[in-house]
Amino acid sequence: MSTALRVEGLTKRFAGVTANDDVDFDLRRGEIHCLFGENGAGKSTLSSCIFGFYRPDKGEILLRDQPVQIASPMDAIRHGIGMVHQHFVLVPEFTVLENIIVGTQRSGWRLNAAEARQKLRGICDGYGIDLDLDAYVWELPVGRQQWVEILKALYLDAQILILDEPTAVLTPGESKVLFDIVRKMCARGMSIILITHKLVEVMQSDRVTVLRKGRVVATLDTPATTPDELARLMVGRDVSFTVTKPELAPGETILAVEGLSARGFWGDAVLKDVSFSVAQHEILGIAGVAGNGQKELFEVLCGVRRPAAGSIRFKGEEVAGMSPRAMMDRGVGHIPDDRFREGLVPEFSVAENVVLGWQRSPKYCNGPLMDREAITGLAREMIGEYQITTRDEHVSAGKLSGGNAQKIIIAREFLHASGLVLANQPTRGLDVGVIEYVQTQLLKKRAEGFAIVLASEELSDLFSLADRIAVMFKGEIMGIVDPRKVTVAEVGVMMAGRRGDIAASKERVSA
Amino acid sequence: MSQLFQEAIIISILASTIRIMTPLLFSAMGELITQRAGIWNMGVEGTMLTGAFAAYLVATLTGSLWLAVLAAIVAGALMGLVIAFMTATLRVDHFIAGLGLNLLAGGLTLYWFQSYIQGRAQPIFSGFQDVDIPLLSDIPVIGPVLFSQRALTYVALLVVPVVWFLLYRSRYGLELRCLGENPKALDVKGLSVSARQYLAVMLGSAMTGLGGGFLMLGFSDRFLADFTAGRGWIVIVALIAGNWRPRGVLIAVTAFAFLESLATHLQVVGAQVPHQLLLALPYLASIGLLMGLRFRSGQPARLGIPYARE
Amino acid sequence: MIVFERRMEANALWTLSSFIMAIVAGLAASAVLIASTGANVPDVFGALLQGSVGSPKALATTLVKATPLILTGLATVIAFRAQIWSIGQEGQVFAGAMGGYLGAQLLAGLPPLLFFPGVLALGMAAGMGLGWIAAVLRNRFAVNEIISTVMLNYLVVYLLSWLLQGGPWGETGGTISYHQSPMLPDTAFLPALFGSSRLHAGVLLPFLAAAICALVMSRTPLGYEIRGLGYNPEALRHKGVDIARTVSVIMMASAALAALAGAIELFGVSHRLRADNLIGLGYAGIIVGMIGGLSR
């Protein structure tokens with residue numbers, strides 16, 4: 001089997017941080033080669049170097065054994081390298097065709113789409129992709145938007161395709177379709193670099209290269225390895241995938257949501273008739289592919305978004321439509337999914353962020369002025385208690401890693417909340433160690449008698465933490481299930497829009 | 001008798017609507033190009049003012065009106081270069097860049113103007129005259145309104161379809177709109193975002209400067225402090241009101257021009273209203289218009305957001 | 001993954017050096033401009049220095065001239081720090097003078113200790129009214145504050161023009177209009193600090209205002225919210241800060257400062273209402289604020 005691409009001794013540093021350290025990597029013609037590792041292990045940096053987004057500080061890239069200079073994506077495209085980015089790079093206001101041809105026409109004033117249309121027809125037919133070239137991208141579901149991304153690469157005659165976390169936004173069903181298409185590409189001699197941190201996907205590849213802290217730990221034939229071995233290689237130690245969750249009888253109902261609906265910016269329904277309740281000592285998991293109303297649900301619950309209809313009762317009091325301030329004062333803690341945008345002021349110091357939202361509280365004020373001593377004292381206490389790695393409390397929160405930033409938010413919300421914590425994707429993008437820590441903290445609050453609503457895109461999180469799981473699809477709850485009585489696959493089907501009647505009835509039996 | 005008088009007034013109002021409209025149209029189409037490329041240039045006022053001053057300077061120095069037009073275009077493009085450098089290269093907040101440019105232009109033109117005249121009576125020039133298009137200008141009502149105008153007026157009216165073609169039917173237009181909607185889509189194809197932003201802003205600002213120059217050469221004979229008197233801001237309002245589309249912007253600019261024309265004629269016929277109120281009308285209308293406008297579907301998604309790779 | 005280096009914690013040295021750099025750049029640009037008109041640069045700078053701080057009288061004049069600029073500069077800093085790009089200072093200066101003039105009519109005859117605070121407060125109130133309008137336009141109608149404040153500036157200028165020419169406040173000699181109000185009575189002149197010098201008591205107010213602003217910005221919850229609003233309004237909204245209310249407070253406070261400049265100019269310098277000596281104070285203040293605002 002011939003080599004399509006080889007990377008030798010590639011090193012890339014950013015402001016003193018070594019993102020890739022002497023990395024060797026080779027891609028064979030017609031294979032799916034997985035780059036596997038935690039966030040920050042250097043997968044994205046490596047692929048960005050191959051695609052010409054970054055210039056490596058040291059090392060060589062060889063195509064078909066010829067050394068090449070890839071100084072920009074333009075060079076990469078000329079050498080037949082294409083990339084599908086994790087966050088799609090599409091123009092929603094353009095049609096599929098326009099998205100594909102923008103910037104590719106080399107001559108003439110007038111826009112000329114006829115040739116492009118013909119070529120794309122050929123490609124679509126070849127792979128069995130059924131896509132209306134004149135549809136606007138904003139009209140397409142996420143899975144099809146990804147096809148547009150793939151077509152962009154194929155239209156530019158890519159021979160090597162880099163897929164960056166391609167299934168993060170897909171339902172299990174859509175993922176399967178994607179892998180079918182990818183397999184066809186390989187059969188035609190294309191080579192695929194698949195970047196992922198999901199074990200399920202790695203197992204579908206031909207070979208896997210595991211990265212840890214910027215270095216290659218191992219390159220293995222996938223069929224000859226096991227998920228456990230890969231996980232160990234990724235983290236560098238044995239990992240227990242299960243946090244121990246004690247059995248606790250649910251107490252009083254803390255939060256009861258009934259018939260909740262909300263509208264989006266354009267008046268579209270983003271939440272439809274959502275009902276559930278959570279009690280003390282209980283974690284309600286919210287499962288669903290990103291963008292199916294989880295964010296809106298949390299926004300309504302914490303008061304940032306107004307509901308269109310329905311009731312929210314917190315400790316028996318009707319709180320629907322109340323301001324964030326009112327919800328905070330009643331003891332609702334909120335860990336938002338976009339921590340640097342919604343949870344922190346990155347330019348503020350750690351100390352200032354610990355009191356964010358409570359800056360007017362008499363606890364932190366001395367007459368009309370803020371009480372600096374009290375605030376720095378509290379911040380030091382929190383840094384110690386939550387093991388926040390920082391030089392001191394005066395460092396800007398934006399300079400901390402994602403994990404430490406998340407710990408600031410958790411510290412603040414746990415300190416001020418009483419009764420209910422809303423956690424949206426609290427472990428997204430964090431290292432395994434920090435994930436374990438966050439999970440332990442949530443369970444601790446559960447033991448203390450808090451009710452917790454926890455949304456996660458990682459089903460494994462929910463299965464190990466949640467007492468019940470509500471599955472969301474297009475703003476609706478497809479069913480609420482007991483994780484002890486359903487399989488991951490069953491929940492996956494519900495995430496794709498199937499009502500979980502059977503699963504729900506199982507819960508009714510258990511209740 | 002009175003009917004004749006009325007007809008004359010109406011023709012005069014319409015003709016002056018077209019007159020007032022066309023300089024604004026150059027500037028508005030220029031700013032449309034700039035904003036569709038994602039650069040929210042708040043420096044329209046300053047760019048128009050600089051264009052007007054450059055036109056005045058060259059017209060009085062050389063006596064050539066067409067050289068003066070060229071000077072306004074070049075001055076506009078240079079202002080565009082400054083904006084592009086600040087927004088595309090330095091990634092300064094777009095609002096701040098535009099504000100700075102306005103203040104700079106206001107001060108610089110006045111300073112240069114005063115050092116140019118050095119206390120003597122300021123030189124004046126005689127500007128563009130109406131060009132009657134043979135035959136067409138003899139048509140009743142329509143003739144004097146549409147076909148007895150300054151030469152640049154005809155150009156300005158042509159600019160609207162040209163800009164429309166550029167934006168929607170040329171390959172440059174597709175790239176330009178892409179800059180405003182999602183510049184990264186060009187970046188990942190290896191195409192330079194900032195080079196395209198420079199080009200768009202400079203082309204747009206050249207047209208904006210031309211608008212200022214036309215205002216000077218077509219309708220004045222001398223320079224004054226704050227010569228443009230807020231017209232650059234009216235242009236920005238027209239862009240929002242026109243939902244960032246050529247035809248919509250044309251309609252909005254026409255409406256503003258009609259209003260101003262009406263106000264001046266009310267003065268002429270001696271209506272019992274303070275003239276300051278009439279002068280204030282376009283600004284009042286702008287505020288009223290913006291209050292009612294919640295519909296902004298045409299606004300480029302990345303308008304005013306500096307582009308950086310990560 | 002990659003630690004993104006931002007210049008967040010500007011240390012004192014960096015602040016000072018960027019401040020000095022801004023001044024040097026300003027001087028250099030002035031030098032280029034002066035040279036562009038063919039004048040001798042050192043001579044001009046020499047004259048500038050002599051004329052501004054060369055004698056006690058020149059220094060007094062400088063202080064008097066700096067007074068409105070410090071105030072409009074502070075007005076700019078407060079708003080811009082919160083990323084509110086209000087350029088309504090120009091109109092608010094006018095409003096301050098107009099409100100003050102109205103106050104002088106209403107409060108005429110009161111003892112100075114009540115009269116001056118009263119008229120200055122009325123001037124500030126007039127400015128705050130303008131600031132409030134811009135805030136409502138932004139909060140309720142999503143009107144960009146740059147555009148609205150520019151439009152309001154023009155409206156205020158025309159309002160003043162009408163008041164002085166055709167309206168009730170104009171001074172008329174025979175049939176011609178002078179585009180100015182009659183002179184205020186002596187009792188409405190801000191008292192001089194030393195004897196009969198031009199240095200009026202109003203020059204103390206900007207320093208007081210600056211001290212209050214500094215304290216509010218750095219030490220109070222409101223200052224915390226203003227800074228936070230400039231950095232990340234979304235996080236503040238999530239954490240219970242009423243953004244619309246905060247924006248209103250900021251815009252009104254900023255407007256009050258700018259209006260104070262106009263009122264002081266009326267009672268301390270011109271002693272009659274006229275546009276000439278108010279024009280440009282707001283816009284110059286924006287430049288002052290932009291340069292001064294570097295020292296975050």
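Note: hydrogens, waters and symmetry copies are ignored here, and every other heavy atom, side chains too, is used. In what follows, chains are A, B, ... by sequence order, proteins preceding strands, each numbered from 1.
Both the backbone and the side chain of B:Arg177 have a heavy atom closer than 4.5 Å to some heavy atom of chain A. Heavy atoms closer than 4.5 Å to chain B are found in the side chain of A:Glu93, but not in its backbone. Of the two parts of B:Leu186, only the side chain, counted from C-beta on, holds a non-hydrogen atom closer than 4.5 Å to a non-hydrogen atom of chain A. At a 4.5 Å heavy-atom cutoff, the contact between A:Leu90 and chain B is made by backbone atoms alone. With a threshold of 4.5 angstrom between heavy atoms, A:Ile70 does not approach chain B through any atom at all. With a 4.5 Å cut-off on non-hydrogen atoms, A:Asn99 touches chain B through its backbone but not through its side chain.
Taking the centre and axis of the six-membered ring of A:Tyr155, the NZ or CZ atom of A:Lys119 falls inside the cone set by 45° and 6.0 Å.
One finds no salt bridge joining B:Glu181 and B:Arg302 here, because no Lys/Arg side-chain nitrogen approaches an Asp/Glu carboxylate oxygen to under 4.0 Å. Salt bridge status for A:Arg144 with A:Glu149: absent, with no side-chain N to carboxylate O gap under 4.0 Å.
Counting heavy-atom pairs closer than 4.5 Å to chain B, the top residue among A:Ser72, A:Ala76, A:Gly103 is A:Gly103. For chain B, the option among A:Ala113, A:Ser107, A:Pro92 with the highest count of heavy-atom pairs below 4.5 Å is A:Ser107.
Taking the six-membered ring wherever Trp is involved, the centroid distance between the rings of B:Tyr283 and B:Trp233 does not fall below 6.0 Å. Between B:Tyr198 and B:Phe85, a ring centre-to-centre spacing not shorter than 6.0 Å is recorded.
Ring geometry for B:Tyr172 versus A:Trp109: interplanar angle over 60°, hence perpendicular rather than tilted (30 to 60°).
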